[in-house]
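Reading through the structure tokens given below for one structure.
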Amino acid sequence: QVQLEESGGGLVQAGGSLRLSCEASGRTISWSAMGWFRQAPGKDREFVAAISWNGARTRYADSVKGRFTISRDNPKNTVYLQMDSLKPEDPAVYYCGVGNSGVPSSAFGSWGQGTQVTVSS
């Protein structure tokens with residue numbers, strides 16, 4: 001059973017940057033795709049970004065393409081989300097999930113507790 005712990009959220013001004021981390025424990029995630037999702041108040045959880053098991057392939061939501069970058073460090077069992085040029089529509093609780101395969105089109109689950117991102121205008 002894998003446990004995920006997200007961190008790095010906080011308050012940032014519009015146009016600023018944050019780097020989120022997702023550290024896994026319990027088992028290796030080296031062979032699994034990993035994804036970032038977000039959920040704003042009153043809205044469904046939505047896909048943000050995903051990365052293949054070896055980092056060679058990535059996939060992004062149109063709303064974050066060109067601004068966010070997903071990466072991973074398998075020896076550290078950790079996945080990152082670099083968020084640049086943050087916009088007022090980006091605030092949400094951000095979650096990471098483990099894919100059921102090694103490719104970015106996986107279904108994701110085993111969510112962590114999330115980390116809050118707030119953007120001030």
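Everything numeric here is computed off the predicted structure, so don't read it as measured data. Along the sequence shown, the residues carry numbers beginning at 1.
Clustering ILVMFWY residues whenever any of their side-chain heavy atoms sit less than 4.5 angstrom apart, transitively, puts V117 in a cluster other than the one holding V93.
Side-chain contact, T115 with S7: no donor N or O sits under 3.5 Å from an acceptor N or O.
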Step-by-step side-chain contact (heavy atoms from CB on, under 4.5 Å) determination, S32 to V98: CA-CA 7 Å; S32 301; V98 181; 3.7 Å; yes
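Among residue pairs with one or both ends in residues 27-86, none qualify as disulfide (SG to SG under 2.5 Å); sequence neighbours excluded. Applying the ring-ring contact (aromatic ring centres under 6.0 Å, His included) definition to pairs two or more places apart or across chains, none involves residues 74-97. Among pairs with a residue in residues 27-52, those fulfilling ring-ring contact (aromatic ring centres under 6.0 Å, His included) read W31-W53, F37-F47, F37-F108, F37-W111, at least two apart in sequence or across chains.
Counting only distance, with no hydrogens or angles, the side chain of E6 and the backbone of Q113 share a donor-acceptor pair below 3.5 Å. A donor-acceptor distance shorter than 3.5 angstrom exists from the side chain of S106 to the backbone of S101, with no hydrogens or angles considered. Judged by distance alone, with hydrogens and angles left aside, the side-chain atoms of D73 form no donor-acceptor pair with the main-chain N or O of T78 at under 3.5 Å. Using modelled atom types, one side-chain atom of R72 and one backbone atom of S52 make a donor-acceptor pair closer than 3.5 Å. Between the side chain of Q3 and the backbone N or O of Q1 there is at least one donor-acceptor pair closer than 3.5 Å. Side-chain atoms of S30 do not come within 3.5 Å of backbone N or O of T28 as any donor-acceptor pair. Remark: side-chain polar atoms of N77 are paired, donor with acceptor, to backbone N or O of I29 under 3.5 angstrom.
Residues R57 and V103 meet the side-chain proximity criterion, which asks for heavy atoms closer than 4.5 Å. Side-chain contact between V79 and C96 is absent, with no heavy atoms from C-beta onward closer than 4.5 Å. Taking 4.5 Å as the limit, some side-chain heavy atom of S120 sits within range of a side-chain heavy atom of L11.
One distance of note links NZ of K76 with CG of N74; it measures 12.0 Å at 0.5 Å rounding. The OG atom of S105 sits 9.0 Å away from atom CG of N100, with the distance rounded to the nearest 0.5 Å.
Residues meeting the side chain to side chain contact (heavy atoms under 4.5 Å, CB included) test with P91, sequence neighbours left out: V119. V64 is linked by a side chain to side chain contact (heavy atoms under 4.5 Å, CB included) to R38, V48, Y60, A61, R67, F68, counting only residues two or more places apart in sequence or in another chain.
Enclosure of atom NZ in K65 by more than 12 non-hydrogen atoms of other residues, nucleotides or ligands within 6.0 angstrom is indicated. Heavy-atom neighbours of E5 CD from other residues, nucleotides or ligands within 6.0 Å: at or below the threshold of 12.
Considering every non-hydrogen atom in both G97 and L4, the closest pair reads CA-CD1, 3.8 Å.
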Please set out all donor-acceptor pairs under 3.5 angstrom arising from side-chain atoms of residues 13-25, sequence neighbours excluded.
| unit_1 | atom_1 | unit_2 | atom_2 | d |
| --- | --- | --- | --- | --- |
| S17 | OG | D84 | OD1 | 2.7 |

